[in-house]
Amino acid sequence: MPTNEMKRIYLSPPHMSGREQGYINEAFETNWIAPLGPNIDAFEKQLAAYTGSADAVAVSSGTAAIHLSLQLLGVGVGDTVLCPSFTFVATANPIRYCGAEPIFIDSEPETWNMSPSALKRALEDADRGGTLPKAVIVVHLYGQVSKMDELAALCEQYEVPLIEDAAESLGSTYRGKQSGTFGKFGIYSFNGNKIITTSGGGMLVSDDVELLHKARFLATQARDAAAHYQHSSMGFNYRMSNILAGVGRAQLEVLDERVAARRAVYENYEQALSAVQGISFMPELHYTRSNRWLTTLVIDQSVTNTTITELLECMAAANIEARPLWKPLHLQPLFAGTKFYSHAGNIAVCEQLFETGICLPSGSSMTSIDQVRVVDCVKDVLTKATGKSIQSA
Ligand SMILES: *Cc1c(COP(=O)(O)O)cnc(C)c1O
């Protein structure tokens, strides 16, 4: 069979539990077709309980949740916010929505997430200049939780509020505590490709219930307590639909199963590819448990004698959706000229990761036959290339 007729294997497709329709029907039967209603109340309560947060606010996207958290911290024109360079653009765009500027922090090799030593230098410089950032946003990429002890201690030392972009890490833990619950605010995303989905949506969590009360106010156009429509502050239309919250309720019920399934996909890949020279998977600190949202790996090109471009081309030819790792934000035209703090000296860890890493299809509904197809493809490219190098040596 020609490869292009083979069923496409997606990177991270939605995986419904089968109970979503029931909650959607309930919304229709009770006519709660609005950005408020019983599904929203229940979804918020259940997510807060799952993560161990005091409360949660369901919003239209993870990006909206980040924007709200920055608004609540008073981020405005002329301010700076520190965030990792190695992340999706949605982490940094809301900083600009507020009229503020991001300063990018490099990754460190043990988690691929924000480097505490680079953060330390950035905070020292800012302190010396008398311009401490308004917030630090930490991201837990591909499900791996950042070095929270070190990062939180630095934020505390300089009294800068910490926001966790846990869009990719719902269900991941650090010393047994859920990612997203270490900072002033945590945010999750339910976009179609995330570990659980509402097709689109997000959640803002915090232990500060008063601030979350204010978040609900800001997310519903900031209407003052008056029968007529009166407004003293600028608001947004950021609430989640009660229909989509129904999808979220059913998805949350199976989150633990989804984490287990993604971890199993990772373990299969790791086992099957462990014999291939020059591959290393994204590490996991022994006191953390990643949800393994995506299985990611880097190749040592001097050993494999091939590039990720060749690897990705082969995957594409086999109708397998694989992707490079996130392109660092300090290299994006959008953020040209923005300050960047490297992990150590002139070596940018995030640039090296970007140049040598890929994400493998990791959906929780992936069959073992699909996984074998991916493994065979990787093996094929890398062993052929290694063979080539042996012959020419
Ligand atoms: C998906 C994602 C977001 C944005 O979430 P949306 O719900 O798509 O707005 C933010 N940060 C990271 C790291 C993400 O992966």
Side-chain angles (χ1 to χ4, degrees), residues 23-24 26-48 53-81 90-102 133-135 137 160-165 167 180 183-191 198-249:
Y23 291 112
I24 294 172
E26 221 173 275
F28 275 78
E29 281 154 18
T30 55
N31 206 31
W32 281 104
I33 315 295
L36 76 168
N39 279 337
I40 293 185
D41 297 344
F43 188 32
E44 289 180 342
K45 277 208 184 69
Q46 283 155 9
L47 188 120
S53 304
D55 199 4
V57 179
V59 291
S60 52
S61 71
T63 311
I66 297 171
H67 189 195
L68 283 174
S69 65
L70 294 173
Q71 289 283 320
L72 290 165
L73 294 174
V75 177
V77 177
D79 291 332
T80 57
V81 173
T91 306
N93 271 338
I95 300 169
R96 287 264 178 93
Y97 299 169
C98 298
E101 268 304 295
K134 266 288 171 72
I137 306 177
V160 179
L162 171 65
I163 299 168
E164 279 177 274
D165 177 347
K184 187 78 189 162
F185 294 105
I187 77 96
Y188 303 103
S189 166
F190 311 114
N191 201 341
T198 60
S199 76
M203 196 74 83
L204 179 66
V205 298
S206 177
D207 282 335
D208 190 330
V209 283
E210 255 170 60
L211 277 179
L212 288 186
H213 185 71
K214 204 171 163 201
R216 283 196 182 86
F217 167 77
L218 289 177
T220 46
Q221 310 283 21
R223 270 155 48 187
D224 295 341
H228 56 280
Y229 281 64
Q230 173 159 310
H231 305 274
S232 326
S233 32
M234 182 182 76
F236 307 91
N237 183 5
Y238 274 172
R239 282 292 256 166
M240 181 182 276
S241 151
N242 188 60
I243 298 170
L244 299 187
V247 180
R249 285 177 77 178

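Scope of the values below: all heavy atoms of this structure, side chains included, with no hydrogens, waters or symmetry mates. This one's a predicted model, so the numbers in the text were calculated from it and none came from an experiment.
- Side chain of Glu164 to backbone of Gly183: a donor-acceptor contact under 3.5 angstrom is found.
- Between the Ser53 side chain and the Asp55 main chain, no donor and acceptor come within less than 3.5 Å of each other.
- Between the side chain of Asp224 and the backbone N or O of Ser232 there is at least one donor-acceptor pair closer than 3.5 Å.
- By the 4.5 Å heavy-atom criterion applied to side chains, Val81 and Ile163 are not counted as neighbours.
- Side-chain N or O atoms of Asn242 include one that pairs as donor or acceptor with a backbone N or O of Trp32 at under 3.5 Å.
- The shortest side-chain heavy-atom distance between Phe43 and Thr198 falls under the 4.5 Å cut-off.
- Closest heavy-atom contact between Met203 and Ala65: O-CB, 3.8 Å.
- If you take CZ on Arg96 and CG on Leu70, they are separated by 13.5 Å, rounding to the nearest 0.5 Å.
- Scanning both residues, Ala90 and Ile66, for their nearest heavy atoms gives O-CD1, 3.6 Å.
- Taking SG of Cys98 as the start and CG of Asn93 as the end, the distance is 11.0 Å to the nearest 0.5 Å.
- A heavy-atom distance below 4.5 Å is not found between the side chains of His213 and Val57.
- Here side chain to side chain donor-acceptor pair (under 3.5 Å) pairs that include residues 66-77, with residues two or more places apart or in two chains, are His67-Gln71, His67-Tyr238.
- Counting all heavy atoms, side chain and backbone alike, Arg223 lies closest to Phe217 at O-CE1, 3.2 Å.
- In this structure, Ile95 and Glu101 have side chains that are not in contact, with every pair of non-hydrogen atoms separated by 4.5 Å or more.
- The two residues Ala135 and Leu73 come nearest to each other via the heavy atoms CB-CD1, 4.0 Å.
- Atom NE2 of His231 sits in a crowded spot, with more than 12 heavy atoms from other residues, nucleotides or ligands closer than 6.0 Å.
- Aromatic pair Phe236/Tyr97: centroids not less than 6.0 angstrom apart.
- At least one side-chain heavy atom of Phe28 sits less than 4.5 Å from a side-chain heavy atom of Ile243.
- Side-chain N or O atoms of Asn39 include none that pairs as donor or acceptor with a backbone N or O of Arg249 at under 3.5 Å.
- Between Leu211 and Phe185, the closest side-chain pair of non-hydrogen atoms falls below 4.5 Å.
- Taking each heavy atom of Lys184 and Asp208 in turn, the nearest pair found is NZ-OD2, 3.0 Å.
- Closest of all the heavy-atom pairs between Leu212 and Ala56 is CD1-N, 3.8 Å.
- A distance of 7.5 Å separates OG of Ser60 from CG of Asn237, quoted to the nearest 0.5 Å.
- Looking at Tyr229 and Gln221, their side chains never come closer than 4.5 Å, going by heavy atoms from C-beta outward.
- Rounding to the nearest 0.5 angstrom, the gap separating the CG atom in Leu218 from the CZ atom in Arg239 is 11.5 Å.
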